[in-house]
Amino acid sequence: MLDLKFVRDHFDQVYGMLKNRRQNLDLKLFADLDEKRRSILREVEELKHRRNVASDEISQLKKDKKDASTQIEAMRDVSQSIKVLDQELLDIEQKCKEILLLIPNMPHESTPLGADEKDNPEVKKWGEPPKFQFDPKPHWEVGESLGILDFERAARMTGARFALYWGQGAALERALISFMLDMHTRRHGYTEVLPPFMVNSGSLMGTGQLPKFQSDLFKLEGWDYYLIPTAEVPVTNIHAGEVLDEDELPKLYAAYTPCFRSEAGSYGKDTRGLIRQHQFNKVEMVKFTQPETSYDELEKLLLNAEAILQELGIHYRVISLCTGDLGFSASKTYDIEVWLPGQNTYREISSCSNFEDFQARRANIRFRRKGQSKTELVHTINGSGLAVGRTLVAVIENYQQEDGSVAIPPALRPYMGNTEKIEKRA
RNA sequence: GGAGAGAUGGCCGAGUCGGCUGAAGGCGCUCGCCUGCUAAGCGAGUGUGCGCUGUAAAGGCGCACCGAGGGUUCGAAUCCCUCUCUCUCCGCCA
């Protein structure tokens with residue numbers, strides 16, 4: 001959420017931002033409502049002031065055992081007017097808030113201008129695509145023939161976009177989770193957390209999934225609970241409503257959670273394999289920082305995510321999302337795209353973003369500088385480190401052998417009982 | 001699921017029969033004094049949001065906020081209702 005006063009004072013700038021993001025929103029209505037809100041506010045506050053003054057008089061008269069019925073009678077009407085105006089004010093404020101919650105974040109100046117994903121510039125590349133003496137296969141073919149991935153049975157027990165992992169496949173997924181968490185906690189300084197996998201609507205409001213993206217979420221019937229679409233939601237909300245001490249910043253958290261997404265509107269896209277599932281595992285990194293260090297922390301977080309792929313020895317590139325492709329809450333986002341030889345393409349495996357104070361304002365996450373009484377909003381940053389299912393896809397496709405087996409990258413072997421490769425079960 | 005207790009400022013904790021309580025007291029923190037250093041001590045200060053006004057920075061005035069929402073009243077932290085959460089006991093359970 002943007003600051004109300006910021007929107008009021010930088011109207012043209014916000015308007016331009018919406019255009020760059022290709023968003024349509026009635027800002028004029030917002031300006032009118034805001035104007036009206038302030039005029040009613042002035043009126044009702046004046047009345048309340050009169051009531052407060054009269055209240056003191058009445059109190060004094062009663063103490064002196066004098067008659068106060070004239071004043072009381074007069075205040076009856078005033079109170080009635082206040083009631084009416086307060087209701088009117090509430091309605092307008094509600095509408096203002098609704099609009100404000102739908103305004104996306106201001107992109108950072110370093111976010112490139114552009115219309116869509118075609119305009120996302122590549123900012124770096126690491127490693128090389130592996131050379132194959134045979135035609136590399138997509139992971140679903142490798143996985144199914146090895147008997148470690150089973151989409152048919154998952155579809156039978158649940159439905160499309162779910163997967164059943166078998167044996168070494170399940171173990172590989174689990175190994176990746178431990179490997180990633182260990183890297184982030186032991187080498188990168190993050191504190192591991194294991195949050196609830198369901199959150200209430202307030203938390204989703206805080207990180208920006210609601211009210212706009214309700215249809216992307218799975219909601220539990222009869223409860224104000226949603227399955228989390230990403231650990232970002234519960235982990236960022238850990239400190240919702242809190243005032244942190246400056247010297248505890250930056251706070252670094254890493255969490256493994258499953259993620260649940262309805263993938264509404266993605267019919268027909270990526271229908272095969274693990275790439276787009278209703279449920280997938282992810283290790284997420286979340287940071288709470290001071291405003292002045294947030295962009296440095298974003299760069300570090302990106303390196304922390306990259307380190308996973310480097311340890312696994314898998315080629316990737318990093319792109320910077322342009323204004324037209326940038327997520328609703330983000331000011332700046334880097335995507336890491338991993339090389340998938342079986343599909344001859346790069347696929348997003350991590351998204352690292354700085355939200356500046358956008359989420360902090362919604363979730364009310366503040367900090368106090370040493371020796372200051374005033375609080376400020378923190379900046380929040382998060383990124384996948386990494387999407388586990390897609391990492392498993394990358395391992396399978398990049399490490400597949402001509403005989404259909406899959407070699408285990410050395411870094412993962414300690415997590416797999418020193419297994420060196422996955423072969424077809426006898 | 002049943003019974004009871006509670007929710008006040010960064011934290012702890014008072015609030016009498018509804019009427020100078022933004023809220024006592026303490027802790028913490030900041031500044032000043034004292035001090036060779038540290039500790040202790042003394043003095044002053046220390047919530048947020050919004051509106052109006054306004055400054056070089058500031059400030060001033062007003063309104064609201066004592067878990068959330070609603071009600072009663074001229075007036076509610078204080079009375080009533082609903083909800084949420086926490087704690088204790090019972091039941092159930094991995």
Side-chain angles (χ1 to χ4, degrees), chain A residues 1-10 30-101 194-206 210 220 222-226 234 237-249 251 288 290 357-358 360-378:
Chain A
M1 185 166 65
L2 296 177
D3 183 36
L4 176 75
K5 283 180 198 158
F6 177 86
V7 177
R8 187 186 299 151
D9 297 340
H10 302 80
F30 176 79
D32 292 346
L33 284 170
D34 180 50
E35 185 57 47
K36 196 166 172 200
R37 180 183 75 85
R38 281 184 289 164
S39 101
I40 294 175
L41 189 62
R42 253 168 287 168
E43 196 181 340
V44 74
E45 282 189 352
E46 161 66 22
L47 287 176
K48 284 181 179 173
H49 179 56
R50 273 173 55 196
R51 184 175 69 180
N52 286 344
V53 170
S55 258
D56 284 348
E57 281 174 27
I58 292 166
S59 169
Q60 197 54 49
L61 286 170
K62 291 226 166 178
K63 248 180 216 158
D64 299 345
K65 305 252 191 283
K66 288 183 188 156
D67 179 52
S69 54
T70 331
Q71 283 83 348
I72 289 175
E73 198 51 47
M75 280 309 108
R76 222 166 244 149
D77 287 346
V78 172
S79 277
Q80 193 51 42
S81 307
I82 289 172
K83 210 169 205 173
V84 170
L85 285 172
D86 261 345
Q87 186 55 50
E88 210 172 320
L89 195 61
L90 205 69
D91 292 344
I92 291 171
E93 276 174 349
Q94 184 70 32
K95 282 184 196 140
C96 276
K97 185 92 190 268
E98 275 167 24
I99 296 175
L100 207 55
L101 283 170
L194 183 65
F197 300 161
M198 299 178 202
V199 290
N200 59 34
S201 53
S203 293
L204 287 155
M205 209 61 96
L210 288 180
L220 270 73
W223 296 76
D224 180 37
Y225 292 168
Y226 294 78
N237 278 286
I238 285 175
H239 295 299
E242 295 184 8
V243 178
L244 306 170
D245 283 335
E246 183 181 26
D247 47 21
E248 347 173 33
L249 299 178
K251 279 187 176 290
F288 300 82
Q290 292 104 316
D357 63 12
F358 189 83
R361 185 172 293 106
R362 287 174 163 242
N364 193 24
I365 309 168
R366 295 165 295 166
F367 76 102
R368 195 188 310 277
R369 289 188 198 273
K370 254 198 147 25
Q372 299 268 304
S373 64
K374 228 177 157 44
T375 58
E376 293 175 50
L377 295 168
V378 300

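Predicted, not measured: the structure shown is a model, and the values here were computed from it. Residue numbers start from 1 in every chain, and the chains themselves are labelled A, B, ... in the order their sequence lines are given, proteins ahead of strands.
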Using the [atom1] atom in both, what is the distance from [N] to [M], to the nearest Å?
N	M	atom1	value
B:G25	B:G15	P	15 Å
B:G10	B:U48	P	8 Å
B:G6	B:C63	P	33 Å
B:C17	B:G13	C1'	24 Å
B:U73	B:A14	C1'	26 Å
B:A23	B:U78	C1'	12 Å
B:G4	B:U16	P	24 Å
B:U84	B:A68	P	15 Å

Whether [X] contacts [N] is assessed here as follows: a side-chain N or O lying under 4.0 Å from the phosphate OP1 or OP2. Is that the case?
X	N	result
A:Arg366	B:G49	no
A:Arg76	B:U73	no
A:Arg38	B:C50	no
A:His49	B:G62	no
A:Asn52	B:A64	yes
A:Lys83	B:U72	yes
A:Ser79	B:G75	yes

ask   = If we only count heavy atoms from C-beta on, is the A:Asp67 to A:Leu61 side-chain gap below 4.5 Å?
value = no

ask   = Any side-chain heavy atom of A:Arg38 sitting closer than 4.5 Å to one from A:Glu43?
value = no

Closer than 4.0 angstrom, basic N to acidic O: yes or no for [X] and [Y]?
X	Y	result
A:Lys48	A:Asp86	yes
A:Lys36	A:Asp32	no
A:Arg361	A:Asp357	yes
A:Arg42	A:Glu45	no

What is the separation between atom [atom1] on [X] and atom [atom2] on [N], rounded to the nearest whole Å?
X	N	atom1	atom2	value
A:Glu35	B:G51	CD	P	11 Å
A:Glu376	B:G49	CD	P	11 Å
A:Arg51	B:A64	CZ	C1'	11 Å
A:Lys97	B:G49	NZ	P	14 Å
A:Glu46	B:A64	CD	P	12 Å
A:Glu73	B:G75	CD	C1'	15 Å
A:Ile40	B:C52	CD1	C1'	16 Å
A:Glu43	B:G62	CD	P	20 Å

inquiry  = If we count only N and O atoms by modelled type, under 3.5 Å, do the side chains of A:Asp56 and A:Gln60 hold a donor and an acceptor together?
reply    = no

key: A:Asn364 and A:Arg362: side chain donor to acceptor below 3.5 Å   = no

ask   = Can you tell which of B:A64, B:U48, B:G51 lies closest to the side chain of A:Leu4?
value = B:G51

request  = Looking only at side-chain atoms of A:Lys5, point me to the closest of B:G70, B:G19, B:C50.
outcome  = B:C50

ask   = Touch check for A:Arg37, heavy atoms < 4.0 angstrom, all strands: base, sugar-phosphate only, or nothing?
value = sugar-phosphate

request  = Name the nucleic acid region contacted by A:Arg8, choosing base, sugar-phosphate or nothing; use a 4.0 angstrom heavy-atom cut-off, strictly under.
outcome  = sugar-phosphate

ask   = Pick the nucleotide of RNA chain B nearest each of A:Val243 and A:Glu45; which residue has the one closer to the 5' end?
value = A:Val243

remark   = Judged by nearest nucleotide, the residue sitting upstream toward the 5' end of RNA chain B, A:Lys48 or A:Ile58, is A:Lys48

message = Tell me whether the count of non-hydrogen atoms from other residues, nucleotides or ligands lying under 6.0 Å of CE in A:Met205 goes above 12.
response = yes

ask   = RNA chain B in dot-bracket, Watson-Crick or G-U pairs under 3.5 Å, [ ] crossing, | other strand?
value = (((((((..(((......[.....)))((((((.......))))))(((((((.....))))))).(((((..]....))))))))))))....

